[in-house]
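A note on names: the letters A, B, ... follow the listed sequences, proteins ahead of strands, and every chain is numbered from 1. No hydrogens, no waters, no symmetry mates; every other heavy atom, side chains included, goes into these values.
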Amino acid sequence: MNVDWSESKVRQDVREWLRANWNPNAKLIDWRNTLVDSGWGMPAWPSRWFGVDLPPGLVPVVLEEFNRFGAVGVARTGIRLLAAETLLAHGTDEQRERFLRRILTGEEIWCQLFSEPGSGSDLAGVTTRAEQQGGVWIVNGQKVWTTSAHHADFGLLLARTNWDVPKHQGMTYFVIDMRQGGVDVQPLRQMNGYASFNQVFFTNATIPLNMRVDDEGNGWRVAMTTLMYERRAANALTGQGLNRRSDGSIYEEEAKESALLTEPYTWYPQRAGRVDLAVDRALATKSIEDHATRQELSRLLMMSKCAEWTASRARAAQQQGQSQGPEGSLGKLANSQIAKQALKVHTMTSGMESMLAGEDGPLDGLIAEILLSVPAISIAGGTDEIQKNIIAERVLGMEKEPRLDSGPFRDVRRN
Amino acid sequence: MNVDWSESKVRQDVREWLRANWNPNAKLIDWRNTLVDSGWGMPAWPSRWFGVDLPPGLVPVVLEEFNRFGAVGVARTGIRLLAAETLLAHGTDEQRERFLRRILTGEEIWCQLFSEPGSGSDLAGVTTRAEQQGGVWIVNGQKVWTTSAHHADFGLLLARTNWDVPKHQGMTYFVIDMRQGGVDVQPLRQMNGYASFNQVFFTNATIPLNMRVDDEGNGWRVAMTTLMYERRAANALTGQGLNRRSDGSIYEEEAKESALLTEPYTWYPQRAGRVDLAVDRALATKSIEDHATRQELSRLLMMSKCAEWTASRARAAQQQGQSQGPEGSLGKLANSQIAKQALKVHTMTSGMESMLAGEDGPLDGLIAEILLSVPAISIAGGTDEIQKNIIAERVLGMEKEPRLDSGPFRDVRRN
Amino acid sequence: MEFAFTDEQNQLRETVAQFLESRCPIAETRNQIRSTNGHDQDVWRSLVRDLGLGGIHAPVEQGGAGLSYVETCIVLEEMGRALYSGPFLSSNVLSVNALMCCEGANTATFLTDVVSGDSKATLAFIERNAKWNLQEFECSANNGSLSGEKTFVFDGPSADLLIIAARSNISDRYGLYAVEANSAGIDYVALDSIDLTRRLSTIRFDSVKAIELGAIDESKYQAFLDLAVVALANEMIGGAQRMLDSAVEYASTRVQFGRTIGSLQAIKHKCAELLLDVELAKSACYRAAEAMDHEDLNRSQLASIAKAMASDVFVRAALDCIQVHGGIGFTWENDTHLWYRRAKSSEVYLGDSSFHRERYLQELGV
Amino acid sequence: MEFAFTDEQNQLRETVAQFLESRCPIAETRNQIRSTNGHDQDVWRSLVRDLGLGGIHAPVEQGGAGLSYVETCIVLEEMGRALYSGPFLSSNVLSVNALMCCEGANTATFLTDVVSGDSKATLAFIERNAKWNLQEFECSANNGSLSGEKTFVFDGPSADLLIIAARSNISDRYGLYAVEANSAGIDYVALDSIDLTRRLSTIRFDSVKAIELGAIDESKYQAFLDLAVVALANEMIGGAQRMLDSAVEYASTRVQFGRTIGSLQAIKHKCAELLLDVELAKSACYRAAEAMDHEDLNRSQLASIAKAMASDVFVRAALDCIQVHGGIGFTWENDTHLWYRRAKSSEVYLGDSSFHRERYLQELGV
């Protein structure tokens, strides 16, 4: 069906549909199924797959209307939408049939199995192996930094299937059932005491042949799709709070769903340095009277303001039609520097009190949590060093590092 | 002659000899010739070549005695002693005969022709070529950063003689007569207004066959000897002021000689940031009352103190017999950071006045000269980046950068 | 609100950049260093008349373009990038700002003359020992006669009109005064500036005929300083961008050890870090420029952020650019030092970054 | 005068390093985090008795080794490197310092007990809100009875003897007092410390029996602080060196993109810069240690340099070490965070680097 969409038509259609269907006291699963069937849950998706083929530029209109009604959307927490987009782009119809709806309704939870102990910055260096044997794929190896693996029903797995070709060409992408004996999920505790990630061990875990995504050896290309949507999601994190005008049982259900998968991220504001607390802390501790502290505080506030404005300029440029490119790396690097500066300022403002943690510590341990979380920001999601490479090579166009890992992967030096 | 030297014997012999020969009103050239003949000018050198085979550990005793008498030593300014040591180590007897004495007496001035516009950090990338033709070597190319080239009688030249072998193997070391038509010396002005260096252009300049130093293709090895003595000289720069107890005409002659070759270095203290002026400036400008300035000033003073103590620890370690290694790079890097910090402090203390130079500027332009000279310190004599490579690879033992220039030089990518 | 330049603004930037590239290449600016006035009169006239930049944010009634301070700052950024040495900042921005804030009867005429390019003006307000607090000014006016000494005056030798901040001996209040540059009793002393592309002078006034343009109080003076600081910051950020571009360009062509030095992480990461800081500072400068057109309560805050960020990044960019160039970057013949000199000079003019960091907190009220 | 360690001093360092490596590997220290006292009593006893380190710089008459503060600092540096969690700093250095500066009749006995290891002592001087100026202390003594609250007390739970700075209600002067840890009226509250390998507590005294050890005035107190600061700085520099070693070691084995990450300039230069700063800070720490044995007019200056340099470099070394390790460096199981926690804790104890930079200038008289 080829509809001639306009903003007013979209707005009217969505309103009408919501008026007819939205019920804040429906069961979440029932509402989600109705929503998925309507196509308004993922309007930019094809009509064939739970969408209405809406031009992406009009999607915000749909969201506005949902917001106006306080209507709950499809399940979005965790990495489920990355899974959905990846399967939409690269999966078989069988896979889409099996998974897409239950991703959107929130019935099934997903995790992403890319990183390994031996391949961090060098993501293409995966050594988890998948071998076809007796009509199934047999998987052995280890993944790490897997968020919510202990809740997940399925995983997006990048595994090596060919060791005799260059590293980027020997990987294949799979959907793996996480609820099987060969998959062992262990929590991974961080230095700040949280355990937000998992290690996942595969010992002769199996994957049916029809759960391979795209061709053998095409894994890197498929993974790039997943990562592209991950970056987009990360950049879109801010804003978009749902306007809950009305009471309703569905909100509780949704809050519970959301809490489960957002729990690993509770310390992320501390990781970013909590610039919002800096001035109040300086006032509360009277360190605002110390000129060395004032200089560092001012520097922090300025950096933070400038980073906000820079992000705003980037968004404006995007809206003017410039494609979103590696500028994300600039923002990430800025956030890393801001967090490090905040670490310094919080240390200066708390002074000797910053030796204390937990209930004994300043702000009931929040300052200590900042001090113990900030070191992660320059590592997680790509180290500062990797970001600088990206900026230099892709933004500034400087020559790439010569490659030493271009031969058959079997011969490449590795851990 | 194999003498059994002891400290007291050395002291006694030198004293006796000085008592008999030192005359502060002698002509400088006469005294130097007497000195060279005696072997006390370069006592550690072999008796065959103007020395007395003194163990190096006893040389300070000789210097002490010379100092006590106020006796002038051999000519030391400029790079002449590097030339002498290099010829002593690698030259032919004919070359030693021709040059050594006149180096020590100061009759002939030398310069060093290693760096080129295209080979700065990559010193082995020289493209000045020397070709044997009609019984002489014909030289074409360009050198740069040559101190005192316009005063020099002879130059130590590193030139490429073979383009078909790896870069380090294709260079040959020569002594070139600077007073010839094919050698054009042009001053090179720096951003601070001084012209302390030269560019030297060779257009079919000639070198007799007997002026090659060591074998063809051995140039890099010979150059390493020169550079080793250069580093030693740089590290020994401090101290050793001659104690001029008496008046005498010879001192004037020597001062004139010295002034000629030390003139290029007059701005070096400014390049190092003039930490000595920092406190007085802060007091004079009342910026000592500004807390931001106080922090930076204190940081500067601390860095400077710590660098002194670190140098002292290194000297002590050497005296305990540990060999002098790449620690020089640490000192150089420290000096670079100190100078940059001093640049900051001088800017803060002078404030808006630091916009002014010359007679209108603070301290009659000295502050401006500091601001305009400091940028050189992280470049000259090996950039900070090169020093960090040396420290990481040679002190910390980290893996070397993979080489991309190991094939025949002809095929190596270059400027 | 997201910040983006309009198509017209981008077009303006492009026009100015092309003009400066063809008429003021750095080789030409080098020649001007040795000239009497430090700039080419024809080039400045073309900017003012042909390009119509004489009073970008001045009212149309006085011949201005009636645009905003954002446009003015766009032009300044391009001038900073090109290291333009003419009296645009002093006459067509700072003097225009001063004249626009005065209500005196004659200001309209002066403004018209400056905007049209018939007259070049410059501000004389800083006094001996770099004093630039209004309350510290000792220069005094008495019944149309002005005496005292001003220094750090930009482009003094070529100015036709001097705009002076002085204290009235009669009212004991501060005001702005106009003085014709060729009046009797004026003594110019050229200063040796670290920045070879911007002339500085000290000017002594001995009972010089002066016309009062209007009163200036502390709040008006601060507003004027904010405008000046934001103009300068935008000019500086252009210089910083140029230094980054120059470093990247050199690093991408210079080969050592069989590879471009730009392929080495030491250089690569230096440039990437610099790009980030240039972008951050740009955001501050643009945001501040925008605020100057609005009765924004935070104007002083934004001005201080812009100056602090621009000061730090321009000096650093110039130093990094010298470093990336290596030995050649330290030579007189290489152009980098000309921007470094501008960076060091602009860094401290009207307060360095630590001054503006402190001022920002005070403006924030903490 | 050039500074070098003697052969005997190098031997001492080697002995302590080997002892700690075999008896207190980091895995063992991890176990102690969950133990009652935070350290292994036997290991501490061995250090004190078998190695004879109970009072390195204490007089031979009291059972000390009669060596200098340099030797004490060498041992502390090795303990910092190993992240030793026992009460050596609190009892055998800081308490010994306190007892050595008192002339009270009983101090000799206390000192003998502490040096021999028969008694573990700790200092209680800081008060609520991290007050550590002598004049701010509110804890008071009245005829052998002490009341008040002290906090940031190191190794509280395992101490037998508490040495307390308090104001005498009678003389209105400050003094040091000794209190047996098991006296009536003492209330311990364990604090949750960011540093898992050093126990902190608050101790409340309610009319506790106390023995006066001697008076303490501002200059004596400053001298005592200098000793403490220098001890801590030397311990910190050991930690910094360990972080550098760990970073270099990991970078030399970790392979990404077909090469060790240590072959990349980003990592290589980070380590080289860190080495320089570690060496600079070491020089400051060694020089300050040496000065503590002499009536050097610059003791406070040198102490402040040492603490400022050590504070900055230890935190940075730990952060760099985490960064070089990448994700694994941020995990609980990786040991790096244990040093990072120590670094953050020691950084602010008795003044951070900005405090000591300011103090240095004041001591310089400017």
Quiz item: Atom CZ of D:R259 and atom CD of B:E401: how far apart are they, to the nearest 0.5 Å?
Solution: 5.5 Å

Quiz item: Is it the backbone or the side chain of B:D384 that comes under 4.5 Å from a heavy atom of chain D, or both, or neither?
Solution: neither

Self-check item: Proximal to chain B - members of residues 309-326 of chain D, heavy-atom separation under 4.5 Å
Solution: D:M309, D:D312

Quiz item: For chain B, which of D:I261, D:I305, D:L244, D:V248 has the most heavy-atom pairs under 4.5 Å?
Solution: D:I305

Quiz item: How about residues 68-77 of chain D versus chain B: which residues have heavy atoms under 4.5 Å apart?
Solution: none

Quiz item: Rounded to the nearest 0.5 Å, how far apart are CD of D:E273 and CD of B:Q387?
Solution: 12.5 Å

Quiz item: So, for B:C306 and D:S283, which heavy atoms are closest and what is the spacing to 0.1 Å?
Solution: O-CB, 3.8 Å

Quiz item: Near D:E218 CD, under 6.0 Å, is it more than 12 heavy atoms from other residues, nucleotides or ligands?
Solution: yes

Practice problem: Examine whether an atom of D:L302 lies under 4.5 Å from a heavy atom of chain B, and if so say whether it belongs to the side chain, the backbone or both; otherwise answer neither. | Solution: side chain

Quiz item: Side chain, backbone, both or neither: which part of D:F5 has a non-hydrogen atom closer than 4.5 Å to chain B?
Solution: backbone

Quiz item: Hey, is B:E385 close enough to D:K268 for a salt bridge, meaning N to O under 4.0 Å?
Solution: no

Quiz item: Can you tell which of D:L264, D:T260, D:I267 makes a side-chain contact (heavy atoms from CB on, under 4.5 Å) with B:E399?
Solution: D:T260

Self-check item: Residue D:K282 versus chain B: region with a heavy atom under 4.5 Å
Solution: both

Quiz item: Should D:Q301 and B:K305 count as side-chain neighbours, where that means a heavy-atom distance under 4.5 Å?
Solution: no

Exercise. Can you see which heavy atom on D:Y360 is nearest to which on B:S298, and at what distance?
Key: CD2-OG, 3.6 Å

Quiz item: Roughly how far apart are D:D277 CG and B:M303 CE, rounded to 0.5 Å?
Solution: 7.5 Å

Quiz item: To the nearest 0.5 Å, how far apart are CG in D:L280 and CD1 in B:I338?
Solution: 7.0 Å

Exercise. For D:E279 and B:T310, indicate whether the former's side chain and the latter's backbone hold a donor-acceptor pair under 3.5 Å.
Key: no

Exercise. Measure the spacing between CD of D:E358 and CG of B:L297 and express it to the nearest 0.5 Å.
Key: 10.0 Å

Practice problem: Go through the atoms of D:D245 and report whether side chain, backbone, both or neither lie under 4.5 Å from a heavy atom of chain B. | Solution: neither

Quiz item: Which one, B:V395, B:L301, B:N389, leads in non-hydrogen pairs under 4.5 Å with chain D?
Solution: B:N389

Quiz item: Which answer fits B:L396, side chain, backbone, both or neither, if we ask what part of it has an atom under 4.5 Å from a heavy atom of chain D?
Solution: both

Quiz prompt | Step-by-step side chain to side chain contact (heavy atoms under 4.5 Å, CB included) determination, B:K388 to D:Q265 | solution = CA-CA 9 Å; B:K388 289 180 200 168; D:Q265 283 189 335; over 6 Å; no

Quiz item: Under a 4.5 Å heavy-atom cut-off, does chain B meet the side chain of D:E249, its backbone, both or neither?
Solution: neither

Self-check item: D:R357 backbone acceptor or donor facing B:R294 side chain under 3.5 Å
Solution: no

Exercise. Decide if atom CZ of B:R394 counts as having more than 12 heavy atoms of other residues, nucleotides or ligands within a radius under 6.0 Å.
Key: no

Self-check item: CA sep, side-chain torsions, deciding dist, call: D:L276, B:I391, side chain to side chain contact (heavy atoms under 4.5 Å, CB included)
Solution: CA-CA 9 Å; D:L276 173 59; B:I391 293 166; 5.7 Å; no

Quiz item: With a 4.5 angstrom heavy-atom cut-off, which part of D:L364 approaches chain B: side chain, backbone, both or neither?
Solution: side chain

Quiz item: Say you draw a straight line from CD of B:E393 to OG of D:S263; how long is it, rounded to the nearest 0.5 Å?
Solution: 9.0 Å

